[in-house]
Amino acid sequence: MPCPHAHERRPSRPSLRGSSRRCGEPMSPKRGGQERPGSHEEDDRKVRRREKNRVAAQRSRKKQTQKADKLHEEYESLEQENTSLKREIGKLTDEMKHLSQVLKDHEKICPLLHCTMNFVTVPRPDALAGCLPR
C-alpha cells in the first residue's frame, strides 16, 4: 500500500531504502545506540519551523478564501447592476419608440412643417402668422 503521506513535502534527507522504519514511525534519534549531539535542539527547531509554516499556510489559505469571497460578492453586485441597466435600456427604448411615433404623427399635421415660409431662419410673429390656420 502506498504511503498516505506521500503528498506531503519533506525536507531532503538521506535515503531510507533498506531501512526497517515504516511510514508514520518516528525516526530514532539514536545512531548506533548513541544519541546524536544536538538532536533535541534540531528536533525542536524542526517542530517550531513546521508549526510556523503550518500557521503561515493557514493564514495564506484564509486570505485566499477571503479574496475569493470578495470577488464573488463583487460579481453578484455587478450582475444585479447589469440586470437593472438592461431593464432601464428596455424602458428607454420603449419610450424612444413611442416618442418617435408621436413625432411622426405630429409631422403629418404640423402647419409649420408645411408652410411655404419655413426658409426663414429667424422666426417672426408676423411670418409665422401666415402659416397658422385661421
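The structure presented is a predicted model; accordingly, all values stated were derived computationally and were not measured. The analysis underlying the following values was restricted to heavy atoms, covering all of them including side chains, and did not include hydrogens, waters or symmetry mates.
- With rounding to the nearest 0.5 Å, the separation of CD in Glu81 from CD in Glu79 is 10.5 Å.
- Residues satisfying the side-chain contact (heavy atoms from CB on, under 4.5 Å) test with Gln64, not counting sequence neighbours, are none.
- Here CG of Leu78 is found 10.0 Å from CG of Leu85. Values are rounded to the nearest 0.5 Å.
- For the atom pair Lys70 NZ and Glu74 CD, the distance stands at 7.5 Å (nearest 0.5 Å).
- Within the model, atoms CG of Asp43 and CZ of Arg48 stand 10.5 Å from one another, a figure rounded to the nearest 0.5 Å.
- Shown are His98, Met96, Lys97; of these, the side-chain contact (heavy atoms from CB on, under 4.5 Å) with Ser100 is made only by Met96.
- Atoms CD and CD, from Glu95 and Glu88 in turn, are 10.5 Å apart once rounded to the nearest 0.5 Å.
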**Request:** Report the C-alpha distance between Asp69 and Thr65 in whole Å, list the side-chain angles of each, state the deciding distance to 0.1 Å, and finish with yes or no for side-chain contact (heavy atoms from CB on, under 4.5 Å).
**Result:** CA-CA 6 Å; Asp69 290 346; Thr65 301; 3.9 Å; yes
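- With hydrogens and angles disregarded, no donor-acceptor distance shorter than 3.5 Å links the side chain of Ser60 to the backbone of Ala56.
- Taken from NZ in Lys108 to CG in Leu113, the straight-line distance is 13.0 Å, to the nearest 0.5 Å.
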